Every structure is written in C-alpha cells, then in structure tokens.
Amino acid sequence: MTSPAPAQPRILSGMQPTSDSLHLGNYLGALVNWVGLQEDFDAYYFVADLHALTVPTDPADITRRSRVTAAQYIAGGVDPERSAIFCQSHVREHTELMWVLACQTAFGEASRMTQFKDKTARGHNANVGLFTYPILMAADILVYDAARVPVGDDQRQHLEITRDLAERFNTRFGDTLVVPEPHILKESARIMDLQEPTAKMSKSGSSDKGLISMLDEPKRIAKKIRSAVTDADGEIRFDAEAKPGVANLLSIHSALSGTPIPQLEAGFAGRGYGDLKQEVADVVVTAIEPYQQRMAELMDDPGELDNILAKGAARASEVAAATRDRVYERVGLLAAQR
Ligand code: TYM
C-alpha cells in the first residue's frame with residue numbers, strides 16, 4: 001500500500017552544485033519547467049550535494065555552490081512558499097532508501113549506466129559513489145512518491161533505472177513505491193554547446209566559449225552567441241541533424257520567447273545568420289537580467305537562504321520518513337521505537 005495520495009501529485013527534481021553558476025542548459029532543460037509545474041504539483045526541488053561528492057571537489061566549493069545553486073532556483077522563479085527547496089544531505093532518508101534499493105540492484109545493471117561508463121572511459125578515477133550514483137538518484141525520486149520528474153534528456157537513463165527499481169520492489173514486496181514518469185520538454189530537452197553543437201552544453205564541455213553561464217556578464221553572453229558555430233548553407237531552418245548550430249539557436253529562442261519554431265523559421269526567411277544570432281542574444285540577455293538581479297539580492301542575505309533551506313528540509317523529511325518507514329517494514333526490518 002502506498003501512502004494516501006497528496007492533494008496534488010508530487011514532483012521532484014534536483015541539480016548538482018558543481019558550478020558557481022547554472023548554465024543555459026540547466027535553466028531551459030530543467031528550471032523553467034520546474035517553475036511552470038509548481039502551480040499544479042506539490043513540488044520538491046533539492047540541491048544534489050551528495051551526488052557532487054562523487055567527483056573530488058574542494059569542500060569550500062561544495063559549501064558555496066550549494067547555497068548558490070539553491071539561490072538560483074529562486075532567482076529562476078521557484079517560489080519557496082509553494083515548493084520545498086532543500087539540500088539532499090539534510091534529508092537523511094535519501095541515503096537510507098538508497099541502501100535498500102542498492103540491495104535490489106544487479107551489479108551488471110549498475111555497470112551498464114552510461115554516465116559511469118563515460119567517466120571511466122575518459123580516464124576518471126571512479127569511486128564506488130560514482131558507481132552507485134543512479135541508485136541514490138532513484139532513492140531521491142522514490143522517497144517522495146514523485147509522479148513526475150522534470151529533467152533534461154540526458155537524465156533519461158537514470159529515470160529508466162528508477163522506474164525499473166520501483167517496479168521490481170513492488171513485484172517483490174507488494175505495491176509500495178510510485179513508478180514515476182519523466183517530464184522532458186521537447187523544445188529544450190537538450191541545449192547544445194555553442195562551439196560544438198553536436199555535444200550537449202555542459203560545464204565539462206570542450207571550451208568556455210560554448211557555454212552560457214546564467215551569471216555571465218550580459219555583454220559576454222551576447223558575444224558568445226554572436227560567435228556560435230553555424231554552417232555554410234545560409235538558410236535558417238530547423239534541422240538538428242544537418243544544421244545543429246542553427247537548430248540550437250532556434251531552440252534557445254523558442255524556449256525563451258515562447259515563439260513556436262515554424263513561426264521563427266517563417267520570420268527569418270531570407271535573413272542571415274547575423275540577424276538570428278543578434279535576436280537570440282537579445283532574447284537571452286532579456287531573460288537573464290532579472291535573474292541576475294534577483295540572484296544578487298538573495299546572495300546578500302545568506303541567513304534568509306539558510307532559513308528557506310531549513311524549512312524545505314523539514315517539509316521534505318515528513319514525506320520522506322513515511323516512505324522510508326513503509327519500505328523498511330516491507331523488507332522486514334524491525335520497526336524502530338522512535
Ligand atoms: P545536473 O546537475 O547535471 O543537471 C541539472 C538539470 O539540467 C539538465 N541539463 C540540461 N538540459 C538541457 N540541455 C542541456 N545541455 C542540459 N544540461 C543539463 C539536466 O537534465 C538536469 O535536469 N543527476 C542529476 C541530478 C539529480 C537528480 C536527482 C535529478 C540527482 N538526483 C533526482 C532529478 C531527480 C544531474 O546530475 O543533473
């Protein structure tokens with residue numbers, strides 16, 4: 001038996017605090033959807049600080065970036081009165097559920113996860129935490145009975161293993177966990193690197209010129225967009241295979257301006273790439289300016305931010321503890337007298 005359905009279905013998502021600024025891919029692929037969904041869902045948005053430990057990082061960087069990441073959720077429009085914003089490490093049920101799920105995960109299944117395979121193939125000295133990363137992510141989601149998980153396309157495989165683990169648990173122990181649906185928006189599922197538009201925009205991408213950080217100077221952002229790689233054919237139309245650079249610029253424009261891509265193609269008919277880049281730069285800078293302003297205000301008051309995180313963790317723990325208890329009972333652990 002799952003817990004009684006909440007008044008609104010739940011959603012859950014998170015980002016790793018691995019940088020001092022989110023990038024445009026995080027913003028369009030995830031954060032914008034989080035903001036839209038908080039109206040209709042009981043929403044839980046967390047900073048995946050435990051996941052960030054899978055890569056060796058200076059402790060001071062993790063501390064600073066955890067606050068900065070949470071603040072950017074709010075700067076992007078997540079309302080802390082409506083949605084719980086918290087740090088993963090503040091809600092211990094994530095790791096408690098993870099252990100039980102780890103004991104349901106086949107070694108071969110975890111070995112096949114592409115993130116682990118890619119990182120080890122690129123010569124990263126992988127630790128066991130990186131290997132079990134997807135199981136912690138499954139616990140993050142399942143501990144809230146989340147019906148949907150708004151993420152970019154790169155997280156698809158992680159959601160598949162989450163669904164598999166929930167289904168396996170339910171088959172073995174009876175209906176206990178909610179099997180979540182990914183919530184991936186087509187237009188912004190994969191924002192590409194501006195210099196290498198066949199690779200996703202990412203903080204570990206090949207050059208800083210291909211990455212738009214949300215906290216970059218607006219002038220610098222406009223310059224990066226004006227030097228984005230396109231192609232030689234000169235026609236502005238959406239073709240992600242043949243014209244990945246132009247397609248990426250059209251996706252960014254459409255995701256931010258709300259103008260459907262066919263309408264953009266019609267509007268740019270007969271015009272050059274210079275015009276397209278200028279307009280995309282304008283659209284991005286217009287969206288980023290209020291975000292940066294709000295961010296500066298939030299970082300001025302770290303005490304208030306810590307209060308928000310504490311309230312968020314308390315709200316999250318209530319839900320998470322109920323799931324943890326249910327799962328512990330199902331697998332036969334003797335109930336703790338609390
Ligand atoms: P992370 O921190 O790499 O990315 C955060 C979110 O940004 C999306 N994203 C993109 N979307 C479109 N285009 C891009 N170029 C792009 N780059 C990143 C990601 O899909 C993600 O939604 N494993 C997760 C963090 C996590 C999590 C969770 C997410 C831990 N537990 C539970 C959801 C639910 C990660 O590393 O995201």
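Treat the numbers as computed from the prediction; the structure is a model and nothing was measured. Side chains are part of it too, since the values below use all heavy atoms of this structure and drop only hydrogens, waters and symmetry mates. Whatever order the structure lists them in is the order used to number ligands and atoms, beginning at 1.
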Note: T259 and S254 closest approach over all heavy atoms is O-OG, 2.8 Å
Is there at least one pair of N or O atoms, one from V151 and one from ligand 1, spaced under 3.5 Å apart? no
Would Y73 and F46 count as a ring-ring contact (aromatic ring centres under 6.0 Å, His included) if you check the C-alpha gap in whole Å, the side-chain angles of each, and the deciding distance to 0.1 Å? CA-CA 9 Å; Y73 297 173; F46 72 99; 8.5 Å; no
Can you list the steps and then say if Q278 with Y273 is a side-chain hydrogen bond (donor to acceptor under 3.5 Å, both in side chains)? CA-CA 9 Å; Q278 188 54 52; Y273 291 165; over 6 Å; no
CD1 of I212 to CD1 of I252, rounded to nearest 0.5 Å, is 5.5 Å
Could you walk me through whether K200 and D154 pass the salt bridge (Lys or Arg N to Asp or Glu O under 4.0 Å) check? CA-CA 9 Å; K200 72 166 182 176; D154 59 334; 2.7 Å; yes
For P150 and ligand 1, does the shortest N/O to N/O distance drop below 3.5 Å? no
For atom 28 (C) of ligand 1, the option (of R190, M137, R156) bearing the nearest heavy atom: M137
Report yes or no: does K203 contribute a side-chain atom to a donor-acceptor pair with the main-chain N or O of L211 at less than 3.5 Å? no
Shortest protein heavy-atom distance from atom 2 (O) of ligand 1, along with the residue and atom involved: Q16 N, 2.9 Å
Nearest-neighbour protein heavy atom for atom 29 (C) of ligand 1, which is reported as residue plus atom name and distance: G14 O, 3.3 Å
Using modelled atom types and a 3.5 Å cut-off, is there a donor and acceptor pairing between side-chain atoms of T105 and backbone atoms of C103? no
Within a distance under 4.0 Å of any heavy atom of L12, pick out the atoms of ligand 1 and give their elements. 32 (C), 34 (C)
Between Q88 and D140, does the side-chain hydrogen bond (donor to acceptor under 3.5 Å, both in side chains) criterion hold? Intermediate values first, please. CA-CA 8 Å; Q88 185 184 31; D140 297 335; 3.0 Å; yes
In terms of residue, atom name and distance, what is the protein heavy atom nearest to atom 17 (N) of ligand 1? H23 CE1, 3.4 Å
Which part of F46 is near ligand 1, with near meaning a heavy atom under 4.0 Å away: side chain, backbone, both or neither? side chain
Provide, to 0.1 Å, the distance between atom 24 (C) of ligand 1 and the closest protein heavy atom, together with that atom's residue and name. Q155 OE1, 3.4 Å
Top protein contact for atom 5 (C) of ligand 1, by heavy-atom distance: M15 CG, 3.4 Å
Working to the nearest 0.5 angstrom, can you tell me the gap between I288 CD1 and E217 CD? 11.5 Å
closest protein heavy atom to atom 4 (O) of ligand 1 is N26 ND2, 3.5 Å
The closest protein heavy-atom partner of atom 12 (C) of ligand 1 is A189 O, 3.2 Å
Using a strict cut-off of 4.0 Å, indicate which atoms of ligand 1 neighbour a heavy atom of V149. 33 (C), 34 (C)
Would you please test S21 and S19 for side-chain hydrogen bond (donor to acceptor under 3.5 Å, both in side chains) and show each step? CA-CA 5 Å; S21 171; S19 167; 5.6 Å; no
Which ligand 1 atoms does D140 reach within 4.0 Å, using its non-hydrogen atoms? 28 (C), 30 (C), 31 (N), 32 (C)
Would you indicate whether the side-chain heavy atoms of R330 and L177 approach each other to under 4.5 Å? no
Is any N or O atom of I191, backbone or side chain, closer than 3.5 Å to an N or O atom of ligand 1? yes
Heteroatom distance test (M201, ligand 1): nitrogen or oxygen, under 3.5 angstrom: yes
Is there a polar contact, in the sense of an N or O pair closer than 3.5 Å, between K200 and ligand 1? no
Is it the side chain, the backbone, both or neither of I141 that has a heavy atom closer than 4.0 Å to ligand 1? side chain
Evaluating non-hydrogen atoms only, which member of G29, A138, A30 is closest to atom 6 (C) of ligand 1? A30
Interfacing atoms of ligand 1 (cut-off 4.0 Å, heavy-atom, H51): 30 (C), 31 (N)
Ring centres of F86 and Y45 under 6.0 Å apart? no
Checking a contact table here: which protein heavy atom is nearest atom 20 (O) of ligand 1, and how many Å away? D154 OD1, 2.4 Å
Should we say atom CD of E318 is surrounded by more than 12 heavy atoms from elsewhere, each under 6.0 Å from it? no
Report yes if some N/O of Y133 lies less than 3.5 Å from some N/O of ligand 1; otherwise report no. yes
S13 N/O to ligand 1 N/O under 3.5 Å: no
